[in-house]
Amino acid sequence: MKKGNQRKQQTEKLILAAYAVQQKAYAPYSGFQIGSAIEDADGKIYTGCNVENSSYGGTVCAERVAIFKGISENMKLPIKTVVVVSSTKEKWPPCGLCRQVIAEFCDSKTQVIFGNNQKQFKTITFTKLLPEAFSKKLM
Ligand code: THU
């Protein structure tokens, strides 16, 4: 199969995985269900949903759940793709906290795809989403 087609298939797989895990969201407070699928450097997929908490502050976003699952299961870095899908009409990009966490594990090629509840998407390079990121490269 040609490289472009392979990429397209992998992107479709990631998107399907993100919508599937969205169903598992624990969101009794906001009611917003979010799903995320992360593709690691080997093409392996890790998924996560938002997990809310009665303290509110203890809530963890879908993207961070997926990344932390990946890290704890030997995910190969850097992250190639981050997909996040929301249950809203608007496409929700990763929040600031998630961007900082993505910055820790990405490279200049990492892509972010965010979609809404109509299966509409926006794709953007992570460095455009968080330019001048604070990261270990500066230390
Ligand atoms: N949320 C995510 O899971 N990812 C984001 O990037 C934005 C926000 C979740 C957190 C909370 O459960 C709900 O969406 C409303 O903020």
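When reading the values below, keep in mind they use all heavy atoms of this one structure, side chains included, and skip hydrogens, waters and symmetry mates. Atoms within a ligand are numbered from 1 in the order they appear, just like the ligands themselves. Each residue takes its place number in the sequence, starting with 1.
For the pair Lys119 and Tyr19, the distance from NZ or CZ to the six-membered ring centre is under 6.0 Å and the angle to the ring normal is within 45 degrees.
When non-hydrogen atoms are compared, ligand 1 lies under 4.0 Å from the side chain of Trp92 (C-beta onward) but not from its backbone. Residue contacts with ligand 1, taken as heavy atom pairs separated by less than 4.0 Å, involve Ser30 solely via side-chain atoms from C-beta onward.
In summary, the atoms of ligand 1 found under 4.0 Å from a heavy atom of Glu52, numbered by their order in the structure, are 11 (C), 12 (O), 13 (C). Below 4.0 Å from some heavy atom of Asn50 lie the following atoms of ligand 1, by number and element: 3 (O), 9 (C), 11 (C), 12 (O), 13 (C), 14 (O). Distances below 4.0 Å separate heavy atoms of Glu63 from the following atoms of ligand 1: 2 (C), 3 (O), 4 (N), 5 (C), 6 (O). Taking a cut-off of under 4.0 Å to the non-hydrogen atoms of Cys95, the atoms of ligand 1 that pass are 6 (O). Close approach of ligand 1 to Pro94 (heavy-atom distance below 4.0 Å) involves ligand atoms 6 (O). In summary, the atoms of ligand 1 found under 4.0 Å from a heavy atom of Pro93, numbered by their order in the structure, are 6 (O). Under a 4.0 Å criterion applied to the non-hydrogen atoms of Ile34, ligand 1 contributes the atoms 1 (N), 2 (C), 3 (O), 4 (N), 9 (C), 14 (O).
The distance between the ring centers of Tyr56 and Tyr29 falls below 6.0 angstrom.
Lys109 meets the salt bridge (charged side-chain N to carboxylate O under 4.0 Å, His left out) test with no other residue; sequence neighbours excluded.
Distances between N or O atoms of Cys98 and those of ligand 1 include no value under 3.5 Å. For ligand 1, none of its N or O atoms has an N or O atom of Thr59 under 3.5 Å away.
With Glu39 contributing its side chain and Leu14 its backbone, the two residues share no donor-acceptor pair below 3.5 Å.
Counting protein heavy atoms only, atom 3 (O) of ligand 1 is closest to Ala62 N, 2.9 Å. Protein heavy atom at the shortest distance from atom 1 (N) of ligand 1 is Cys61 SG, 3.6 Å.
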#### Entry: CA sep, side-chain torsions, deciding dist, call: Trp92, Ile34, side chain to side chain contact (heavy atoms under 4.5 Å, CB included)
CA-CA 9 Å; Trp92 283 13; Ile34 315 297; 3.6 Å; yes
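Under the 4.5 angstrom side-chain criterion for Ile, Leu, Val, Met, Phe, Trp and Tyr, Leu97 has no cluster partners at all.
Considering only heavy atoms from C-beta on, Glu52 comes within 4.5 Å of Asn50 through its side chain. Here the side chains of Glu90 and Asn116 are not in contact, with every heavy-atom distance at 4.5 Å or above.
When only modelled atom types and interatomic distance are considered, Gln111 and Thr125 share a side-chain donor-acceptor pair under 3.5 Å.
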